[in-house]
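Contents: one structure, followed by commentary.
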Amino acid sequence: MNYKIRQIQFAVFPKNFNLSDKIKLAADLKIKTDNLFNGEPTILPLPIDAPPEIPRIMLRSVDGKYTCNISIQRIDLFLNLGN
């Protein structure tokens, strides 16, 4: 059997996480990651009662190698290693 890793996922569970200014948070993350997430950010206008695990902010690199999904409870970072 020959196995190949295609994607790696890291989950971060921050304390006292504030998503009140989603646009600023997305811009700050782009800057603090040295523009790693250089694609267009996606900010979802979800209702207050939406499940907390649904991402509110999604960041990507233009080449699709890096992805960051931010929900109320966690931050998921993905590294796509290809086929």
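Heavy atoms only: backbone and side chains are in, while hydrogens, waters and symmetry mates are out.
Residues F13 and L59 are members of separate hydrophobic clusters, defined by side-chain heavy-atom contacts under 4.5 angstrom among Ile, Leu, Val, Met, Phe, Trp and Tyr. Residues L79 and L77 fall within the same hydrophobic cluster, defined by Ile, Leu, Val, Met, Phe, Trp and Tyr side chains chained together at heavy-atom separations under 4.5 Å. Transitive grouping of hydrophobic side chains (ILVMFWY, heavy atoms separated by less than 4.5 Å) keeps I54 and L19 in distinct clusters. No chain of hydrophobic side-chain contacts below 4.5 Å, direct or via other Ile, Leu, Val, Met, Phe, Trp or Tyr residues, connects L36 to F78. In this structure, M58 is not a member of the same hydrophobic cluster as V62, with clusters built from ILVMFWY side-chain heavy atoms closer than 4.5 Å.
Considering every non-hydrogen atom in both G64 and N80, the closest pair reads O-CB, 3.6 Å. Annotation for P41 and A26: closest pair CB-CB, 4.4 Å, computed over non-hydrogen atoms. Considering every non-hydrogen atom in both I8 and I5, the closest pair reads CG1-CG2, 3.9 Å. In plain terms, the two heavy atoms of P14 and Q73 that are nearest each other are CD-O, 4.1 Å. A pairwise comparison of heavy atoms in K30 and G39 identifies NZ-O, 3.4 Å as the closest pair.
Annotation: side chain to side chain donor-acceptor pair (under 3.5 Å) contacts of K32 (sequence neighbours excluded): none. Taking I31 as the reference, nothing meets the side-chain contact (heavy atoms from CB on, under 4.5 Å) condition, with sequence neighbours excluded.
Here the side chain of S61 pairs a donor or acceptor atom with the backbone of Y66 at under 3.5 angstrom.
In this structure, N69 and R74 have side chains that are not in contact, with every pair of non-hydrogen atoms separated by 4.5 Å or more. The side-chain heavy atoms of C68 and D76, taken from C-beta on, include no pair separated by under 4.5 Å.
Under the side-chain contact (heavy atoms from CB on, under 4.5 Å) test applied with R56, the options L44, L46, I70 reduce to a single match, L46.
Annotation for D63: atom CG counts as buried by contact number, over 12 foreign heavy atoms lying within 6.0 Å. Heavy atoms from other residues, nucleotides or ligands lying under 6.0 Å from CD of E40 number 12 at most.
Listed by first then second residue, pairs satisfying salt bridge (charged side-chain N to carboxylate O under 4.0 Å, His left out) with a partner in residues 10-20 number zero, not counting sequence neighbours.
Taking CG of L81 as the reference point, atom CZ of R6 lies at 11.0 Å (rounded to 0.5 Å).
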